[in-house]
Amino acid sequence: MASDEEPVELRKAVHTFCDATLFREWVDACQIPVPSSIPRTEADFERLRELTAPRDEAWKRLIADFRRRIAASEIVLEGFQVRPVLLHTRSQFPTAWEPLLQFEWERNAVFIRRAEFVGVTVRRRIAKVVQPSLSSLPSQDGAAETEAVPRRRGRENFAPLIEADLKAHWDEIQAKTNRASTGEPLWSELARTVHKHLVRQHSRRDGSKVPHEQTIRKHLPKIYRRLLSDKPAQK
């Protein structure tokens, strides 16, 4: 279990913070064998629904417990907003948002209305604070009114933005990489491409700060290789 001071990625939060019995029920339900063949008849579909129903119900109970802990201020979600406005300050989600949060577990991303947050982490709340009301929800065309999370002075953390762009164009990047003799992307070329994507997606008119091409080039290899270990290259 993580300590109060150590946040975990969204994808690991259910295991870390939810009721252990509920998590074990879901794990056990996932062990029920499911046919690998494609169902072709109504009877096949009905059988498949019967086999997956325990897993689906266990997952619903687990996520309900996760949401309850958010609403009760037991745990706190934080992330970087990348849409519709690009922000570089890590933001804390008010508990009033809980009913509208949409989770993308594998990407460590959360959506609420038109706002997208990446690099989402979860931690236990150390001290209870007064939470904003539903009026703090993201507007249809602006930044979300989240609680700013204190961060050390220093350089901006652009890694989540670079990672999000790599994931969005992963297949295209791999296609080019497979044609390269080095077996890895041409870092300068890839940095230039990522920079163009970010400039196109996040206009400077909204006050956002897009990382310089040289900054992207510096961080690309480490981020790319980490993503590659999670998502193998195409053959």
Side-chain angles (χ1 to χ4, degrees), residues 1-3 5-18 23 66 75-83 86-93 101-111 115-124 146 149-202 208-235:
M1 302 293 281
S3 67
E5 296 77 20
E6 182 183 359
V8 300
E9 293 180 319
L10 176 66
R11 73 183 89 186
K12 301 177 181 177
V14 171
H15 170 236
T16 304
F17 299 111
C18 287
F23 182 78
F66 184 67
I75 55 178
V76 179
L77 278 67
E78 300 169 356
F80 292 93
Q81 181 175 322
V82 294
R83 301 176 192 275
L86 177 65
L87 301 178
H88 298 293
T89 301
R90 196 167 182 80
S91 301
Q92 180 174 307
F93 299 4
L101 297 177
Q102 300 178 45
F103 305 111
E104 285 206 8
W105 304 97
E106 290 303 316
R107 291 184 55 228
N108 289 317
V110 170
F111 291 84
E116 177 184 357
F117 295 84
V118 299
V120 177
T121 58
V122 185
R123 62 174 173 80
R124 297 190 191 280
T146 54
V149 177
R151 61 189 298 250
R152 298 176 181 175
R153 290 183 176 273
R155 297 180 179 178
E156 298 282 6
N157 184 0
F158 295 112
L161 303 177
I162 299 171
E163 178 176 335
D165 187 77
L166 290 179
K167 288 181 177 179
H169 301 87
W170 188 255
D171 291 342
E172 176 186 344
I173 294 170
Q174 288 303 296
K176 291 183 178 179
T177 301
N178 289 339
R179 295 194 296 268
S181 59
T182 61
E184 285 193 326
L186 300 176
W187 301 119
S188 296
E189 178 182 331
L190 182 55
R192 187 159 48 251
T193 301
V194 171
H195 182 261
K196 289 180 180 178
H197 290 163
L198 295 179
V199 170
R200 187 183 310 120
Q201 294 169 12
H202 308 288
S208 300
K209 184 178 179 182
V210 174
H212 292 294
E213 189 175 314
Q214 295 88 336
T215 301
I216 297 173
R217 169 64 181 84
K218 176 182 177 181
H219 294 287
L220 263 179
K222 181 178 180 180
I223 297 174
Y224 173 86
R225 287 162 185 156
R226 175 167 53 80
L227 291 177
L228 189 62
S229 67
D230 295 333
K231 184 186 294 187
Q234 297 175 351
K235 301 297 183 184

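No experiment lies behind these values; they were computed from the predicted model shown. Just so you know, these numbers use all the heavy atoms, side chains as well, and skip hydrogens, waters and symmetry mates.
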_Any donor-acceptor pair under 3.5 Å from N108 side chain to G119 backbone_ = no

_Partner set under salt bridge (Lys or Arg N to Asp or Glu O under 4.0 Å) for R107, not counting sequence neighbours_ = E104, E116

Could you report the tightest heavy-atom contact between [X] and [Y], atom names first, then the distance?
X: V122; Y: A13; answer: CG2-CB, 3.6 Å
X: E213; Y: A191; answer: O-CB, 3.9 Å
X: K12; Y: T16; answer: O-OG1, 2.8 Å

Do [X] and [Y] come within less than 4.5 Å of each other through their side chains, counting heavy atoms only?
X: Q174; Y: L228; answer: yes
X: L166; Y: L220; answer: yes
X: R90; Y: T121; answer: yes
X: E106; Y: R11; answer: yes
X: F103; Y: L77; answer: yes

_By ring-ring contact (aromatic ring centres under 6.0 Å, His included) - contacts of W187 (at least two apart)_ = Y224

*Atom NZ of K218 and atom NE2 of H212: how far apart are they, to the nearest 0.5 Å?*
13.0 Å

_Please verify the inter-ring angle class for F23 with H15; under 30° counts as parallel, over 60° as perpendicular, anything in between as tilted._
tilted

*Of D165, I223, L198, which meets side chain to side chain contact (heavy atoms under 4.5 Å, CB included) against I216?*
L198

*asked:* Using the side-chain contact (heavy atoms from CB on, under 4.5 Å) criterion, which residues pair with K196? Sequence neighbours excluded.
replied: R192, R200

*Is the shortest side-chain N to carboxylate O distance from K167 to E163 below 4.0 Å?*
yes

*Test side-chain contact (heavy atoms from CB on, under 4.5 Å) on V120 and W105 and set out the steps.*
CA-CA 9 Å; V120 177; W105 304 97; over 6 Å; no

